[in-house]
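This report refers to the structure that appears directly beneath it.
Each ligand, and each atom within it, is numbered from 1 in the order the structure gives. For the numbers below, each heavy atom of this structure counts, side chains included, while hydrogens, waters and symmetry mates do not.
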Amino acid sequence: MQPVKSPAEMTRLVMSLKREGKWIGFVPTMGYLHEGHRSLIRRARKESGAVVVSVFVNPTQFGPKEDFKRYPRNAARDAAMLKKEKVDFLFAPSVRGIYPKGSRARLNPGSLARGLCGPKRPGHFRGVVTVVKRLFDIIRPGAAYFGQKDYQQARIIEAMIRRFRLPIRMVICPIVRERDGLAMSSRNVYLSRSERLRARAIPRTLELARRLIRRRVPPREVEWKAKLYLKPYVDSIDYICVVDPETLRPASSLKKGVLVALACFVGRTRLIDNMLIRR
Ligand code: AMP
């Protein structure tokens, strides 16, 4: 596994692999890697001639009051995991490498950013599409691997790929969960013991929503019943929404299948989770 810091060097390396006819699989991350990341890496490893994993805590996707500074980092542990998974390149650029002085242009995340986390984290998806487009330009992968855990993010990036007609196959991998159902996340380390116990109510809320939807309870009623269930366990709820999985707009019927997505705070930690419920 070769660590690479310079974007120009990264491009040189992937271009030479491409000349050898290798298919590049790319997994973008913010590091502090866990089993969720590992599942993406393994899928990429299976499907690609060479795998690039980026570790970059992207400052432009954090709001001024968010956790950029205290976001968990552990470069040595990440590198050990990537080596074990036989990743070819660990791309860990500096902030200046991705955002050279004067490069203030940001991409528009489009209409999929209007709901769910969009209004709750102003500027977040603008930062996300901007950094992912820059990483794509540097790495020029044949396929990119994202987690369903960040469903809205994956859909926004998919739309960006279409908008720029990038020759990149988007692969969305299932959510990896702890044994008690909590979705794995680098932010779970923020949780105290009691917060961690309360957080178990999040996957249970999604299960409740699934049962209600199976019983054909209308979407708005599912939303308020799910909120009522979750409320006592968490400190605040940003949203619980039943949406169309394509448009991310409120689902009006259950015909096409729906996405139940939620965001809430347990203590000071913001957690997100979702479940796709197909017909
Ligand atoms: P992050 O490092 O949190 O930015 O995540 C990097 C990638 O890993 C994103 O595509 C996430 O959706 C994905 N990911 C994070 N947590 C999980 C999980 N529990 N299961 C599957 N994928 C995940």
Less than 4.0 angstrom from a charged side-chain N to a carboxylate O is my criterion; do Asp88 and Arg45 meet it? yes
With a cut-off of under 6.0 Å to the ring centre and 45° to the axis, is Arg73 in cation-pi contact with Phe68?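 Output yes; distance and angle both within limits.
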Under the 6.0 Å and 45° cation-pi test, does Arg70 pair with Tyr190? yes
Give every pair formed by an N or O atom of ligand 1 and a protein N or O atom closer than 3.5 Å, one pair per line with both atom names and the distance to 0.1 Å, or write none.
| unit_1 | atom_1 | unit_2 | atom_2 | d |
| --- | --- | --- | --- | --- |
| ligand 1 | 2 (O) | Met30 | N | 2.9 |
| ligand 1 | 2 (O) | His37 | NE2 | 2.9 |
| ligand 1 | 5 (O) | His37 | NE2 | 3.4 |
| ligand 1 | 10 (O) | Gly147 | N | 2.9 |
| ligand 1 | 12 (O) | Gly147 | N | 3.2 |
| ligand 1 | 12 (O) | Gly147 | O | 3.2 |
| ligand 1 | 12 (O) | Asp150 | OD1 | 2.6 |
| ligand 1 | 16 (N) | Met184 | O | 3.4 |
| ligand 1 | 19 (N) | Val176 | O | 2.9 |
| ligand 1 | 19 (N) | Met184 | N | 3.4 |
| ligand 1 | 19 (N) | Met184 | O | 2.9 |
| ligand 1 | 20 (N) | Val176 | N | 2.9 |

Please check if the side chain of Arg121 supplies one atom and the backbone of Gly118 the other of a donor-acceptor pair under 3.5 Å.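 Here the side-chain-to-backbone pair does not exist.
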If you count heavy atoms of other groups shown closer than 6.0 angstrom to CZ of Arg249, is the number above 12? no
Other residues, nucleotides, ligands: >12 heavy atoms within 6.0 Å of Arg268 CZ: no
